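These notes are about the structure you will find just below.
These numbers were taken from a predicted model, which means no experiment stands behind them.
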Amino acid sequence: MQTALSLVVLAISVGTAALVSAADVVAPNPDLTAEGVPPIPAALAAKVAPYTEFRPATAVSWHPTKRELIVARRAVNTTQLHRVAEPGGELRQLTDFAEPVRFGLWWPKAPDTMIFTRDAGGNEQQQLYRLDARAPAPIALTDATRKHELAGITHARDRLLVESTDVDKTGRRESPTLDITLVDPLDANKARKIATLPGTGWGDFTFSFDDHRVAMIEFKSVNESYVWLMDVANGDRRRLLPVANASPARPIASSDLNFARNGKGLFLATDRDGEFRRLAYLDIGSGAVEYFGEGGDWDVESIALSPDGRTLAVITNEAGVGVLRLYDAATRKALARPRMPIGNVRGLVWHENSRDLAVSVNSAQSPSDVYAIDVRDNRVVRWTENKVPGLDASSFRSAEPMTWKTFDARTIGGFIVRPPPRFTGKRPVIVSIHGGPEGQARPGFMGRWNYFIDELGIAVIEPNVRGSTGYGKTFVALDNGMHREDSVKDIGALFDWIAAQPDLDPSRVLVEGGSYGGYMVLAVSTLYPERIAGTIDVVGVANFVSFLENTESYRRDLRRVEYGDERDPAMRAFLTRISPVNNADRIKAPLFVVHGRNDPRVPYTEAEQIVNAARKNGVPVWYLLAANEGHGYARKANVDFLFYAMTAFLETYLLK
């Protein structure tokens, strides 16, 4: 049976009189350059349209005195901030810019003044702005030539902690540093730099309740980080964990610092004494680490102490599902568990009253929505609700956990979403590989991809190959350095699993991935060219050497720990050998490459390298480049066209 796309292509290719008119196709907008992408039928865009209208909502911050929320949700083309005055209340838009705005807060010292952050064109060069009540335009608070992040706020609620670093579009700067500065957003001229820190992997800043000290994490890799304590007055710092001058047998990773109310210790998550990050209390004086709370083979992934220092909110990652727990900070005893809706809980946003806690929850049947927990009464109330006319999200398919044995007899896990039973026969498969590599595929809302599952009858598999988080620190390190291709072999073993399933078609398998997942699918296309029907590479790495040399310098040292140091001759030779662009002659399946012109992480030149190399080999290549995007697409107009093109690619090469 011919699809709408194949009919269009046929009409063009044979030069029939009934040529497709401009009104019958969807042209890419002026910011998109599409090469090799055939005309997209307007009928296809109309059919998939309902699946493009989901508007997930995320809790951002509370008003400092009122019981009302700021949430982030797409307005027309980009995510903007909205005010919600009460549960179920109307979302009133607060920001309206061409660029996405995902974070903001009302300033406690001037509650009608908003502080927010945004970048430009996806370049991740964040800047801070102040938007005064009834002001026609925001006021920039930071140096536009540098990159900034909002790192925290004092307990006195009178200063912001801002981290900043230089940007280097050549990617050649070595030994970058990070400035830590206190900023009064009502008078940015009074900014005071606390310290200049070596490297750029600093984060998780938390102030003591008297604002005299700040604790922070120095991040080296997913497996190695250090806890530091700094004097706010003079910038002097000392290492707390691992103990200064100590050399642990294995690296330690810690995160999510929160200063205890009495100033004597820190609440944190750490894997110092096991495979997983457990909830712990670090005594600053003695250095002792005391574990508490419910535990298992899972990581504590988020901790937030209430403003009064009395209640700890904790999210644990349990088999990929975010679970919320509460603890009394003084006794460290578990409090009654809130009765949360089924789904993944993420984000912990406390109100200044220390009673209301906002979170965001999504599931297979629900986009992200905002809920608030009254921790005194243990009552959960829904604040936002996503509904799309014409679609019944409750019918969307849920992910099922799956496992398979890989080449070295290890067990690899992941999730599969099978299409509805009305689709008979062996079903085509998309294998969607997460980025990171220290990421994790987790069950949740599939968004636009529900169209592939419910309307096209495609099964979607999301594997967690070695190097993924959520399975312990040994597993996450298995792909480091010279072991990089072992994770690709895990996908080869997955193809064997697919072939053994009675309901899946091993001759119709397409691989898709973004960022590091983009490298993975390109590597799969070179190592297993006969086992796939197509490849979709989104902002992926094609050449590890050029990637490491050209990624923004504030990221490079962190990536070298994971991938290897390209300055070392042996490692450079290895990275050169395994890079997909140097093996492009093995690619046989059609290739769709997607990138953003302003990507600071994986420069768009990675896309151009693989596009040119594959075309020389005669492989059909579709290439989509967005001039106003970075590491992924954030504008609905661009995401929609990408979705149309992906659907056309699937119809052409997977569903044939």
request  = For E512 and S432, test the side chains for any donor-to-acceptor distance below 3.5 angstrom and give the result as yes or no.
outcome  = yes
Distance (rounded to the nearest 0.5 Å) between T95 OG1 and F116 CZ = 7.0 Å
ask   = In terms of side-chain geometry, is the basic nitrogen of D640 or R448 positioned less than 4.0 Å from the acidic oxygen of its partner?
value = yes
query = Would you say the side-chain atoms of S487 and E485 include a donor-acceptor pair closer than 3.5 Å?
reply = no
message = Just to verify, which of I412, I416, I491 counts as forming a side chain to side chain contact (heavy atoms under 4.5 Å, CB included) with P463?
response = I491
ask   = Nearest heavy-atom pair of Y633 and A626: which atoms, and what distance?
value = OH-N, 3.4 Å
message = Give me the atom names and distance for the closest heavy-atom approach of A614 to V621.
response = CB-CG2, 3.8 Å
ask   = Does S221 use its side chain to pair, donor to acceptor, with the backbone of E224 at less than 3.5 Å?
value = yes
message = Any side-chain to backbone donor/acceptor pair from D24 onto P41? Under 3.5 Å, distance only.
response = no
Ion pair check, R531 and D496, cut-off under 4.0 Å = yes
request  = Kindly indicate whether the side chain of F103, heavy atoms from C-beta on, has any atom under 4.5 Å from the side chain of E149.
outcome  = no
ask   = CZ of R508 to CD1 of I458: how many Å apart, nearest 0.5 Å?
value = 8.5 Å
key: Test: R484 cationic atom under 6.0 Å from F574 six-membered ring centre, within 45° of axis   = no
query = Backbone N or O of R635 within a donor-acceptor pair of the T78 side chain at under 3.5 Å?
reply = no
Any side-chain heavy-atom pair of H434 and E462 under 4.5 Å = no
message = How long is the straight-line distance from CD1 of I578 back to CG of N583, given to the nearest 0.5 Å?
response = 9.0 Å
message = Can you tell whether the side chains of E124 and R601 come within less than 4.0 Å, N to carboxylate O?
response = yes
message = Is it true that Q440 and S468 share a donor-acceptor pair across their side chains at a distance under 3.5 Å?
response = no
request  = Consider only side-chain N and O atoms of S225 and E218, and report whether a donor and an acceptor are under 3.5 Å apart.
outcome  = no
query = So, T576 side chain and R572 main chain: donor-acceptor pair closer than 3.5 Å or not?
reply = yes
query = With Y519, which of F544, Y563, F547 fulfils ring pair (Phe, Tyr, Trp, His ring centres under 6.0 Å)?
reply = F544
NZ/NE/NH1/NH2 to OD/OE distance under 4.0 Å, R559 and E549 = no
remark   = Interatomic distance, CD@E99 vs CD@Q126, rounded to 0.5 Å, equals 10.0 Å
query = Among side-chain atoms of T145 and D143, is any donor-acceptor pair under 3.5 angstrom?
reply = yes
Under 3.5 Å: donor-acceptor pair, side chain of N464, backbone of A441 = yes
ask   = Would you call the rings of W622 and F649 parallel, tilted or perpendicular if under 30° counts as parallel and over 60° as perpendicular?
value = perpendicular
key: Heavy-atom closest contact (A34 atom, F641 atom, distance)   = CB-CE2, 4.5 Å
Expected output: side-chain N344 to main-chain P443 donor-acceptor under 3.5 Å = yes
query = Is there a side-chain contact between V460 and I453, using heavy atoms and a 4.5 Å cut-off?
reply = yes
key: Sidechain-backbone polar pair: E562 side chain, L558 backbone, donor-acceptor under 3.5 Å   = no
message = Are the side chains of D486 and L478 in contact, using a 4.5 Å heavy-atom criterion?
response = no
query = Do we see a donor-acceptor contact under 3.5 Å between the side chains of E438 and T469?
reply = no
ask   = Under 3.5 Å, is there a donor-acceptor pair between the E606 and S546 side chains?
value = yes
message = Is a donor from one side chain sitting under 3.5 angstrom from an acceptor on the other, for E629 and N638?
response = yes
ask   = With a 4.5 Å heavy-atom cut-off, do R555 and T200 have their side chains touching?
value = no
message = Quick check on R597: does its CZ atom have over 12 non-hydrogen neighbours (other residues, nucleotides or ligands) under 6.0 Å away?
response = no
task = Keeping the roles fixed (side chain from H595, backbone from V602), state whether a donor-acceptor pair exists under 3.5 Å.
result = yes
key: 4.5 Å side-chain heavy-atom contact, I461 and L494   = yes
request  = Using only heavy-atom distances, determine whether the side chains of T411 and K405 contain a donor-acceptor pair under 3.5 Å.
outcome  = yes
message = What I want to find out is whether R567 reaches D565 closely enough, with some N-O distance under 4.0 Å, to be called a salt bridge.
response = yes
task = Work out which heavy atom in T526 is nearest to a heavy atom in A523; give both atom names and the distance.
result = OG1-O, 2.8 Å
Value rounded to 0.5 Å, distance of CG in D168 from CG in N550 = 10.0 Å
ask   = Does D166 pair with R146 as a salt bridge, N-O distance under 4.0 Å?
value = yes
key: Distance-only side-chain donor-acceptor flag, D585 / N617, under 3.5 Å   = no
query = With a 4.5 Å heavy-atom cut-off, do Y516 and I433 have their side chains touching?
reply = no
inquiry  = Any carboxylate oxygen within less than 4.0 angstrom of a Lys/Arg side-chain nitrogen, looking at E455 and R397?
reply    = no
ask   = If you take all heavy atoms of L654 and P428, which pair is closest and at what distance?
value = CG-CB, 3.8 Å
message = Counting C-beta onward and ignoring hydrogens, is there a side-chain heavy-atom pair between D557 and P176 closer than 4.5 Å?
response = yes
task = Consider only side-chain N and O atoms of S368 and R346, and report whether a donor and an acceptor are under 3.5 Å apart.
result = yes
message = So does R466 get a backbone contact from the side chain of D490, meaning a donor-acceptor N/O pair under 3.5 Å?
response = yes
ask   = So does K220 have more than 12 non-hydrogen atoms from other groups sitting under 6.0 Å from NZ?
value = no
message = One pair to check against salt bridge (charged side-chain N to carboxylate O under 4.0 Å, His left out): D505 and R427. What are the steps and the verdict?
response = CA-CA 5 Å; D505 187 347; R427 305 313 309 158; over 6 Å; no
ask   = Going by an N to O cut-off under 4.0 Å, is there a salt bridge joining E530 and K588?
value = no
task = Mark yes when over 12 heavy atoms from residues, nucleotides or ligands other than K636 sit less than 6.0 Å from its NZ; otherwise mark no.
result = yes
inquiry  = Quick check with a 6.0 Å cut-off and a 45 degree axis cone: is R118 positioned over the face of F97's six-membered ring?
reply    = yes
query = Mind checking whether Y451 and Y51 have parallel, tilted or perpendicular rings, split at 30° and 60°?
reply = perpendicular
query = What's the shortest heavy-atom distance between D31 and N628, and which atoms?
reply = OD2-ND2, 3.3 Å
ask   = Given the rule in the side chain to side chain contact (heavy atoms under 4.5 Å, CB included) test, do V26 and Y644 qualify, once you have shown the distances and angles that lead to the verdict?
value = CA-CA 9 Å; V26 178; Y644 307 153; 4.0 Å; yes
query = Are the aromatic rings of F54 and F445 close, with centres under 6.0 Å apart?
reply = yes
key: Inter-residue atom distance D119.CG - R102.CZ, 0.5 Å rounding   = 7.0 Å
Expected output: side-chain T177 to main-chain L197 donor-acceptor under 3.5 Å = no
